[in-house]
Amino acid sequence: MLQPKRTKYRKMQKGRRRGTESRAVELAFGDYGLKTLERAWLSARALEAARIALTRHIKRGGRVWIRVFPDKPISKKPAETRMGKGKGSPEAWVAVIRPGRILFEMEGVDSATAREALRLAAHKLPVRTAVVEREVRAVGA
């Protein structure tokens with residue numbers, strides 16, 4: 001699963017997920033992509049499950065890019081622990097997702113296969129998504 005090799009600090013504050021995404025909002029590498037329509041914390045486990053579903057369907061054909069990285073540690077206190085005694089230890093890594101972010105991109109497969117693979121990957125994620133496709137420019141336009 002994805003997680004940083006090292007970080008400056010072990011724990012991080014929650015933060016706010018307001019606004020829409022400004023980075024990674026258009027296809028940069030592939031011909032097809034999976035774009036988010038909601039905001040959420042996307043865990044490394046969910047991201048890995050979606051990646052596996054995606055690559056299994058295309059049967060190692062084509063290329064896949066993951067455009068997000070889970071670099072935010074989420075801490076949790078043990079069950080049946082009294083209040084106080086500080087913040088819990090880091091449990092999982094998440095990526096902060098805002099509407100408009102491209103999560104996955106792919107190329108080298110036909111349209112039907114790409115759409116089905118992205119649909120299967122979307123079922124593994126906790127957010128609503130849309131499949132986006134690169135527009136083909138007319139020659140001489």
Side-chain angles (χ1 to χ4, degrees), residues 1-139 141:
M1 275 186 289
L2 293 172
Q3 73 179 49
K5 284 188 176 72
R6 56 189 299 274
T7 56
K8 191 167 184 178
Y9 300 107
R10 280 181 61 229
K11 299 172 186 176
M12 199 180 275
Q13 291 186 336
K14 268 187 188 148
R16 297 288 174 263
R17 296 175 297 196
R18 295 171 39 188
T20 56
E21 192 60 68
S22 59
R23 294 170 296 179
V25 293
E26 293 181 9
L27 294 174
F29 304 104
D31 299 325
Y32 304 96
L34 195 63
K35 183 178 250 193
T36 58
L37 303 175
E38 296 176 333
R39 66 191 80 245
W41 280 345
L42 192 60
S43 71
R45 286 173 174 271
L47 203 58
E48 181 68 6
R51 184 195 66 79
I52 289 168
L54 187 71
T55 53
R56 278 224 179 110
H57 187 75
I58 60 174
K59 297 183 179 75
R60 296 188 307 277
R63 289 185 69 185
V64 175
W65 289 269
I66 303 173
R67 299 285 307 271
V68 293
F69 186 79
D71 58 352
K72 184 184 186 75
I74 299 301
S75 64
K76 193 174 181 186
K77 293 184 75 122
E80 300 178 12
T81 306
R82 291 186 178 185
M83 292 287 103
K85 307 273 193 297
K87 191 176 168 88
S89 57
E91 286 289 310
W93 293 89
V94 298
V96 179
I97 302 298
R98 293 185 185 91
R101 180 81 183 216
I102 301 277
L103 300 178
F104 294 99
E105 289 189 33
M106 60 191 307
E107 73 170 7
V109 292
D110 61 287
S111 180
T113 307
R115 285 183 176 280
E116 179 62 16
L118 290 168
R119 186 188 70 80
L120 291 171
H123 279 295
K124 305 290 183 186
L125 301 173
V127 290
R128 287 187 305 118
T129 58
V131 175
V132 291
E133 199 171 330
R134 189 182 297 279
E135 308 98 29
V136 180
R137 294 216 165 197
V139 178

- With side chains defined as the heavy atoms from C-beta onward, is the minimum distance between Leu125 and Thr36 less than 4.5 Å? no
- Message: Could you check whether any side-chain heavy atom of Pro70 comes within less than 4.5 Å of a side-chain heavy atom of Leu47, counting everything from C-beta outward?
- Response: yes
Can you give the donor-acceptor pairs under 3.5 Å from side chains of residues 95-102 to other protein atoms, not counting sequence neighbours?
unit_1: Arg98; atom_1: NE; unit_2: Arg18; atom_2: O; d: 3.1
unit_1: Arg101; atom_1: NH2; unit_2: Arg67; atom_2: O; d: 2.9

For the student: nearest non-hydrogen atoms of [X] and [Y], plus distance:
| X | Y | value |
| --- | --- | --- |
| Ala117 | Ile58 | CB-CG2, 3.9 Å |
| Gly30 | Glu105 | N-OE1, 2.7 Å |
| Val109 | Ala114 | CG2-CB, 3.8 Å |
| Pro126 | Ala46 | CD-CB, 4.4 Å |

- Message: Among residues at least two apart in sequence or on other chains, which ones pass side-chain contact (heavy atoms from CB on, under 4.5 Å) with Val131?
- Response: Leu34, Arg115, Leu118
- Partners passing side-chain contact (heavy atoms from CB on, under 4.5 Å) against Arg56 (at least two apart in sequence or in another chain): Ile52
- Message: Return the OG1 to CG distance between Thr129 and Leu37, rounded to the nearest 0.5 Å.
- Response: 6.5 Å
- Item | Pairwise distance OG1(Thr55) to CE(Met106) - rounded to 0.5 angstrom | 9.0 Å
- So the ring-ring contact (aromatic ring centres under 6.0 Å, His included) pairs with at least one residue in residues 32-87 (sequence neighbours excluded) are Phe29-Trp65
- Only pairs at least two apart or in different chains count here, so list each ring-ring contact (aromatic ring centres under 6.0 Å, His included) that has a residue in residues 81-100. none
Determine which pairs satisfy salt bridge (charged side-chain N to carboxylate O under 4.0 Å, His left out) with at least one residue from [range], sequence neighbours left out, and list them in order.
| range | answer |
| --- | --- |
| residues 29-42 | Asp31-Arg134, Glu38-Arg128 |
| residues 69-96 | none |
| residues 3-16 | none |

- Query: Taking only residues two or more places apart in sequence, or in another chain, which ones meet Ser43 in a side chain to side chain donor-acceptor pair (under 3.5 Å)?
  - Reply: none
- Message: Can you list everything that forms a salt bridge (Lys or Arg N to Asp or Glu O under 4.0 Å) with Glu48? Sequence neighbours excluded, please.
- Response: Arg51
- Item | Any residue meeting salt bridge (Lys or Arg N to Asp or Glu O under 4.0 Å) with Arg17, in chain and number order, not counting sequence neighbours | none
